[in-house]
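These notes concern the structure reproduced below.
For the numbers below, each heavy atom of this structure counts, side chains included, while hydrogens, waters and symmetry mates do not.
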Amino acid sequence: MSEKPKFYITTAIAYTSRKPHIGNSYEIVLTDAIARYKRLQGYDVFFLTGTDEHGQKIEEYAKEAGVSPKEYVDKVSGEIRDICDVLNTTYDKFIRTTDPYHEKIVAKIFKKLYDQGDIYKSEYEGMYCTPCESFWTESQLVDGKCPDCGREVKKAKEEAYFLRLSKYQKQLEDYIESHDDFIYPEARKKEMLNNFIKPGLQDLCVSRTSFKWGIPVTFDPKHVIYVWIDALSNYITALGYDPDGSSDMYKKYWPADVHIIGKDIVRFHTIYWPIMLMALGEPLPKQVYGHPWLLFGEDKMSKSRGNVIYANDLVKDFGVDAVRYYLLSEMPHAQDGSITYESLIERYNSDLANTIGNLVNRTVAMQNKYFDGVIAAPTDKEPLDDEISSLALKTVAEVDRCFNEYKISDATESILTLARRLNKYIDETTPWALAKDEGKKGRLGTVLYNLLEGIRFLAVLLTPFMPDTAEKIFEQIGTTERSYESLKSFGALKSGEKVGTPTPLFNRIDGEKLIEELTAKQKEQQETEKKMINSLEGVAEIGIDDFAKVELRVAEVKACEKIPRAKKLLKLTLDDGTGKDRTVASGIAKWYAPEDLVGKKVVVVANLKPAVLCGVESNGMILAADCSEDDVKVVFVDKSMPNGSKIR
């Protein structure tokens with residue numbers, strides 16, 4: 001017996017800042033579906049997921065929560081693992097970057113790279129974004145803020161160790177260009193090459209001294225190993241990699257067949273990670289697939305927006321398999337997907353209750369009614385039957401193509417197309433009419449056989465998507481033929497066996513009533529989330545003394561112009577009643593032309609610490625309101641108010 005082909009698949013490890021929402025959970029379900037499909041095909045699969053648990057942000061969150069960093073990550077990591085389990089995912093290992101074996105090997109990796117000259121000590125000075133844990137140069141900022149998350153950055157200068165990305169730039173570029181499938185889809189590959197690699201790689205900061213919650217550098221303990229060497233190494237430490245001699249498990253499964261990651265972290269997985277592996281002398285993963293995001297409606301899910309949905313809440317309302325099916329069917333291949341309660345209920349009722357559920361229920365019911373449940377041999381065939389068998393076999397091939405190209409939503413649509421065709425076949429053959437004519441008994445048995453065999457194909461193909469539902473279908477049609485191998489030909493269902501009792505797979509949902517309940521629940525959750533975020537991010541309630549520290553003054557816009565190299569910034573010259581002009585840079589160019597503001601009176605925060613934005617020193621901030629996701633309005637005041645008037 002030949003050895004099974006191996007398949008090593010990973011998710012990105014989830015950051016333990018907070019409980020993940022359904023958009024984050026999409027990745028683990030996607031990866032699980034691929035892992036299940038490969039197992040179905042006979043692969044020896046190893047499926048890794050886990051949590052990323054170090055860093056300054058964790059240290060700060062733990063401090064705010066009044067617990068140790070370890071206590072904090074234990075709680076959040078537990079929540080993340082619970083969600084993986086709730087969604088019925090079949091990971092083989094759940095790694096935590098606080099696992100002692102991982103920390104030990106990461107320290108050895110760092111030392112090896114340092115000893116061979118790929119890591120060196122220097123000093124970093126730049127703009128630092130705490131939420132992203134990233135350093136940026138002034139030129140990389142957008143409107144003076146982090147280009148990744150749009151939040152405020154602060155100047156930081158500290159001693160640090162650096163990884164020589166520049167040393168491996170040409171080697172990486174050549175590798176990517178000679179391995180067409182390494183970065184997938186193609187658009188992500190072009191983005192990495194043209195936007196990041198070819199313009200020139202800067203060496204990467206890989207240690208920090210300004211916080212302690214991390215893996216210490218063994219030969220320089222005041223430094224902790226910074227995020228990427230720690231986090232990315234999980235893919236090999238989980239298998240038993242060791243610079244001094246790796247395990248048999250590592251030798252068996254590495255290199256990974258595919259890393260499944262979000263599109264926002266493709267850069268780290270296709271630049272930093274390959275260079276780390278090149279420096280270690282290890283093979284690169286075969287493929288990195290950067291999937292799109294799952295949005296709420298048209299917006300990215302955000303706790304601050306109050307549009308966050310959690311997997312465990314959805315499971316309570318719809319069931320595990322329905323949530324899995326929705327996530328996998330709703331996400332396009334290369335574009336962001338969308339989740340709304342309305343579309344979820346529509347898919348549930350249409351695809352699951354009507355198309356699949358109703359098909360299984362009425363077919364099994366007819367088999368019981370007309371043949372006492374015993375499956376008859378297909379003895380009376382007609383040309384119409386060939387359409388069913390042909391489509392069933394084509395569906396197997398189409399699903400396989402879709403999985404190989406990570407077009408998972410297309411795979412679900414292909415399966416649904418077969419289910420729709422089987423429903424149409426019932427209408428075309430009218431089994432209830434055939435049952436009235438004893439001479440048509442053979443034809444009736446053949447029709448029901450074809451329906452049951454088609455349903456068996458559906459059940460096998462649905463296994464990666466809805467494993468529990470597939471199992472229920474197998475039980476209802478009474479078959480032990482559940483292998484992928486059995487789909488090579490149409491007709492593996494054994495006659496003489498008996499079907500089970502028809503039981504509804506999915507009960508229709510009263511959409512209007514459920515949406516009212518879910519909307520009310522979400523509003524309540526939004527208030528809870530806002531309070532939690534304010535607490536975690538330090539935006540707590542303040543007293544009058546705190547408010548009095550902010551100096552708000554009326555100022556008149558004397559002049560206004562666009563700032564070169566900054567599409568979103570305007571430079572305002574203000575008369576704030578002090579006798580000296582005040583310069584303020586404001587990110588409102590999208591909503592206001594310079595001439596619209598000249599002569600208007602605004603409110604300025606007069607005692608804000610100066611900041612340099614795209615070469616302009618900004619001394620203050622004008623007040624504006626976020627009216628919607630893409631609409632900002634400046635707060636104007638009555639022209640009769642004297643310049644310099646204090647707002648109290």
Let me check something: any side-chain donor-acceptor pairs from residues 272-288 under 3.5 Å, sequence neighbours excluded? List them with distances.
unit_1 : atom_1 : unit_2 : atom_2 : d
Tyr272 : OH     : Arg267 : NH1    : 3.4
Trp273 : NE1    : His259 : NE2    : 3.1
Glu282 : OE1    : Tyr250 : OH     : 2.7
Lys286 : NZ     : Asp257 : OD1    : 3.2
Gln287 : OE1    : Tyr406 : OH     : 2.8
Gln287 : NE2    : Asp181 : O      : 2.9

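Sorted by first and then second residue, the pairs that involve residues 160-176 and meet salt bridge (charged side-chain N to carboxylate O under 4.0 Å, His left out), not counting sequence neighbours, are Asp118-Lys167, Lys170-Asp174. Within the structure, salt bridge (charged side-chain N to carboxylate O under 4.0 Å, His left out) contacts touching residues 223-243 (residues at least two apart or in different chains) are Lys108-Asp242.
Between Arg401 and Glu405, at least one side-chain nitrogen of the basic residue sits less than 4.0 Å from a carboxylate oxygen of the acidic one, meeting the salt-bridge criterion. One finds a salt bridge joining Lys198 and Glu177 here, because a Lys/Arg side-chain nitrogen approaches an Asp/Glu carboxylate oxygen to under 4.0 Å. Between Lys75 and Glu79, at least one side-chain N (NZ, or NE/NH1/NH2) sits under 4.0 Å from a carboxylate O, which counts as a salt bridge. Salt-bridge check for Asp32 with Arg36: passed, with a basic side-chain N closer than 4.0 Å to an acidic carboxylate O.
Checking Glu71 against Ser68 by side-chain atom types alone, a donor-acceptor pair falls below 3.5 Å. One side chain, Gln41 or Tyr37, offers a donor N or O that lies under 3.5 Å from an acceptor on the other.
Judged as a salt bridge (charged side-chain N to carboxylate O under 4.0 Å, His left out), and not counting sequence neighbours, the contacts of Lys121 are Glu159, Asp220. Here Arg81 pairs with nothing under the salt bridge (charged side-chain N to carboxylate O under 4.0 Å, His left out) rule; sequence neighbours left out. Residues forming a ring pair (Phe, Tyr, Trp, His ring centres under 6.0 Å) with Phe465 (at least two apart in sequence, or on another chain): Phe403.
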- Task: List the steps and the verdict of ring-ring contact (aromatic ring centres under 6.0 Å, His included) for Tyr120 and Tyr161.
- Result: CA-CA 5 Å; Tyr120 63 94; Tyr161 286 91; 8.7 Å; no

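Applying the salt bridge (charged side-chain N to carboxylate O under 4.0 Å, His left out) test between Asp44 and each of Arg39, Lys4, Lys252 identifies Lys252 as the sole match.
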